[in-house]
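Just so we're on the same page: letters track the sequence lines, and every chain starts at 1.
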Amino acid sequence: MSGAAAAQRESGEFGRFAARFMEDRVALIGLAMLVVIVLAALLAPWIAPQNPYDLARVDIMDSRQPPGAKAGEGFVMWLGSDGVGRDLWSGILYGLRISLAVGVLSGVLAATIGMALGLLAAYAGGRTETLIMRVVDLQLSMPSVLLALILVALLGKGVDKIIVALVAVQWAYYARTVRGSALVERRKEYVEAALSLGLSHARTVFRHILPNCLAPVIVIATVQTAHAISLEATLSFLGVGLPQTEPSLGVLISNGFQYMLSGKYWISFFPGVALLLTIVAINLVGDRLRDVLNPRLER
Amino acid sequence: MAAVLEVENLATHFALREGLVKAVDGVSFSIAPGEVLGLVGESGSGKSVTGFSIMGLVDPPGRIVSGSIRLEGRELVGLSEDEMRGLRGRRVAMIFQDPMMTLNPVLRIDTQMIESVLAHDRVSEKAARARAAAALTQVGIPSPEERLASYPHQFSGGMRQRVAIAIALLHRPALIVADEPTTALDVTIQSQILAEAQKLCRESGAALLWITHDLAVVAGLADRVAVMYAGRIVEQGQVDDVLDHPLHPYTKGLIGSVPSGAMRGSRLAQIPGATPSLGRLPPGCAFAPRCPRVIDVCRVTSPPESQREGRRLRCHNAEPAP
Amino acid sequence: MLAFIIRRLAQAVVVVLAMVSIVFFGAYVVGDPVWMMAPGDATQEQIEEIRRTFGFDQPAHVQFLRFLADIARGEFGRSYVHGSSAIGLILERMPATLELAFAALVFAILFGIPLGLYAGLKPDHWFSRAVMAGSILGFSLPTFWVGLMLIMLFSVMLGWLPATGRGPTVNVLGVETSLLSLEGWRHLMLPAINLGLLKLSLVIRLTRSGAREASLQDYVKFARAKGLSQGRIIGVHILKNILIPIVTVLGLEFGSLVAFSVVTETIFAWPGMGKLLLESIQRLDRPLIVAYVMVVVLLFVTINLIVDILYSALDPRVRITGAES
């Protein structure tokens with residue numbers, strides 16, 4: 001097949017896939033939400049009324065103001081302000097950046113590691129496979145929150161450590177899925193044919209086996225990224241996640257907790273809504289992707 | 001003698017997103033007490049839907065849109081679900097195709113039989129159990145007391161179908177609807193079950209509607225036969241008459257496609273073309289596109305039902321009389 | 001059956017060993033517990049003294065072997081913070097956690113199965129659609145935030161239920177429980193709902209897909225053809241079939257409820273072992289963390305065994321193959 005024909009076939013497949021995705025109204029809403037959220041996070045420095053971490057611009061007199069109050073600088077704090085006088089809306093926009101970055105980065109790393117190990121297991125077989133899959137089983141048998149807690153307990157605080165912990169709880173899902181699909185693909189005739197034609201093993205894996213494992217990986221990736229964002233927020237809320245210098249949504253919610261019992265709900269509430277909307281949007285997209293790509297997913 | 005079951009102009013349609021499917025479209029027949037009617041047709045001809053319509057078990061999007069079903073003189077169409085439930089299992093029972101699927105795998109045989117008794121009769125559990133055991137004996141299952149305590153997966157397919165028949169017979173119904181009950185079984189078991197079913201119906205006087213795609217089964221079992229095609233009965237009459245001298249070209253084609261010893265060496269006939277999709281039937285006679293005897297009028301108007309030589313027939317250009 | 005149990009136990013030992021090694025070496029590499037134990041104004045000599053007493057001056061592998069030997073004797077060391085036996089502290093807190101997890105599971109089943117059945121049997125009804133949309137939300141909601149919202153709504157705004165603590169407990173056969181007093185129930189309510197919501201969506205989805213699948217089976221149609229009432233068909237024929245996967249999954253999920261109780265217990269100040277773990281993590285109390293991991297892993301293994309036994313009790317087909325092999 002010529003390159004152009006292949007490209008055409010792929011674009012045709014993508015078009016069909018996109019059309020099927022669009023059939024579902026709820027998924028479209030989810031996708032729209034996700035686009036807005038990502039844009040808001042990327043453009044935070046330009047759309048936020050205040051840089052909440054520029055100490056010169058934060059006024060302690062503005063602290064714990066209810067939604068709609070006017071800040072000392074003159075703009076309206078539609079979502080109120082937090083305990084030290086930062087505009088909550090600005091804080092959320094900046095927090096989204098950190099939450100999304102941590103979630104996506106850990107997802108990409110976990111996917112890379114997991115796929116590499118999964119492919120290795122499927123392709124190498126024998127003891128290598130047994131060893132890798134044993135570790136996968138071991139990891140999957142532990143609830144993710146517990147594993148992450150113990151890891152951060154051992155590693156300590158910090159962005160890098162949180163990412164390590166998040167990667168550690170995610171990679172096994174990718175490894176298991178990729179190995180499953182790769183085993184199926186490997187047994188297919190075209191792979192045998194490719195090998196018998198004298199194509200190199202690396203080429204066989206990357207040109208033939210890997211592309212056919214991508215559908216389930218994409219589905220896993222959406223679900224896992226949502227999960228990672230939620231888990232990071234949980235750890236940060238518990239005080240064992242990101243430090244105050246990296247105020248993700250979880251940190252914001254945690255900071256607001258102490259004011260909740262005195263009725264100042266908004267400090268925790270609005271960052272929580274932002275977190276919730278993000279996760280729901282990703283899950284809605286993921287749900288539809290699962291239906292459209294229909295991979296052989298376990299559970 | 002009054003008929004046990006009279007079906008008149010029954011129409012059961014399915015409103016699907018792709019369009020209206022007329023699975024059963026103007027079917028009429030009747031069965032006398034103790035009589036066996038074979039309802040023959042290819043899959044998708046509407047024969048099973050006919051059976052389920054009689055049972056009142058057509059689920060949405062399917063619906064009986066018109067016609068009448070009278071069981072022992074009582075009109076069933078329009079009965080409430082509760083009234084229908086009171087008849088099901090008591091006056092009309094059903095046997096399904098796959099005995100592997102009809103018995104609940106996680107419930108013991110006694111549970112499934114006793115609940116059937118108690119669904120209609122206020123008797124003690126002990127009495128119900130005795131009736132269940134008796135019914136198992138009746139269908140030729142040895143040591144029924146022991147068997148009652150088993151689970152379905154401990155039975156062979158033939159045994160399970162016997163249990164299903166025993167359940168159908170528990171309340172001595174006036175009518176039994178059997179939906180391809182032997183199709184899923186081995187040939188040797190098939191004939192045993194056939195003989196058994198026939199004997200039990202004769203003994204209990206129940207009428208039997210035997211739905212099948214297998215003409216050989218009908219030949220050995222039924223008194224009368226009705227041939228269904230695309231939601232309609234195209235020919236019905238005494239089984240020997242119809243099988244020996246089919247008048248409808250479809251019946252003839254169906255008989256021709258059954259291999260038999262007498263035709264050894266000769267070429268097996270087959271009906272050209274494929275069963276039409278019920279959603280997109282041609283105007284006129286549904287069989288016209290495949291019919292060897294098709295004439296112009298067949299493509300325009302659907303043939304009305306006519307009486308000929310003791311049969312009911314829907315054809316513009318039937319085979320000549322023998 | 002015996003061979004099966006032995007294999008299971010062997011697997012469990014491997015899991016326990018692996019987890020303990022990871023925890024031990026992690027703790028050794030990262031933190032120096034001496035600083036946690038010594039008073040703030042301790043002299044260098046005092047610190048060395050502590051180091052020697054607890055054996056922290058030995059090389060890592062020596063410490064590890066000694067540590068393993070201790071575990072084999074059932075000795076998990078003393079909490080650096082509390083000074084008492086680590087395993088004793090964990091076991092003391094365990095009933096509260098199990099009570100909470102159990103209440104959460106009961107909540108998830110009590111609400112999840114009826115809702116799931118309804119959604120599965122009437123998939124086109126608006127209520128079913130609402131339930132399913134809600135279950136997507138349930139999957140997405142982070143537990144800790146739901147906990148905050150529950151407190152905000154029911155404790156702060158409405159003032160109906162208490163937000164913290166376990167309330168008065170009653171001692172039954174040596175185990176403290178809050179299930180025997182109204183006040184205890186009031187305290188248990190919010191944490192249990194918080195933790196149970198996590199599994200509610202799962203129960204709804206499992207029940208729904210099971211009910212949808214089962215309701216299309218011939219045995220359901222046959223049951224209808226027998227003239228059985230709708231109640232008996234749903235309550236016996238369908239429910240018994242879908243209970244098998246639900247029990248299996250929920251049994252395994254009980255472990256994750258225990259794990260997630262770390263979050264719920266922290267929010268609601270529920271005095272269970274999850275809250276203890278978090279405090280230990282914040283204070284680098286290594287013996288407590290190790291003891292917690294051991295207890296939870298053992299709990300998981302026990303749960304898995306119980307689930308397997310329950311599974312074979314529910315599904316007659318499994319029972320038979322088990323007897324034959």
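Counting heavy-atom neighbours within 6.0 Å of Glu279(C) CD, excluding the residue itself, gives a total above 12.
Taking OG from Ser268(A) and CE from Met149(C), the interatomic distance works out to 6.5 Å, rounded to the nearest 0.5 Å.
The part of Ile151(C) that comes within reach of chain A is its side chain, from C-beta onward, which places non-hydrogen atoms under 4.5 angstrom from that chain. Neither the backbone nor the side chain of Ala226(A) comes within contact range of chain C, judged by heavy atoms closer than 4.5 Å. In this structure, chain C has heavy atoms under 4.5 Å from both the backbone and the side chain of Val280(A). Residue Val258(C) does not touch chain A at all, counting heavy-atom pairs closer than 4.5 Å. Both the backbone and the side chain of Val273(A) come within less than 4.5 Å of a heavy atom of chain C. In this structure, no portion of Leu206(C) lies under 4.5 Å from any heavy atom of chain A. At a 4.5 Å heavy-atom cutoff, Leu231(A) makes no contact with chain C through either its backbone or its side chain. Proximity to chain C (any heavy atom under 4.5 Å) is shown, for Asp137(A), by neither the backbone nor the side chain.
Residues Thr266(C) and Phe237(A) form no side-chain contact, since every pair of their non-hydrogen atoms from C-beta on lies 4.5 Å or further apart. Counting heavy atoms from C-beta outward, Phe269(A) and Leu148(C) have side chains that stay 4.5 Å or more apart. With a 4.5 Å cut-off on side-chain heavy atoms, Leu146(A) and Phe260(C) do not count as touching. Counting heavy atoms from C-beta outward, Val262(C) and Leu149(A) have side chains that approach closer than 4.5 Å. The shortest side-chain heavy-atom distance between Ile279(A) and Trp145(C) does not fall under the 4.5 Å cut-off. Proximity of Ile253(A) to Phe144(C): side-chain heavy atoms (C-beta onward) are separated by under 4.5 Å at one or more points.
Contact count versus chain C (heavy atoms, under 4.5 Å) is highest, among Leu238(A), Asn283(A), Ile229(A), for Leu238(A).
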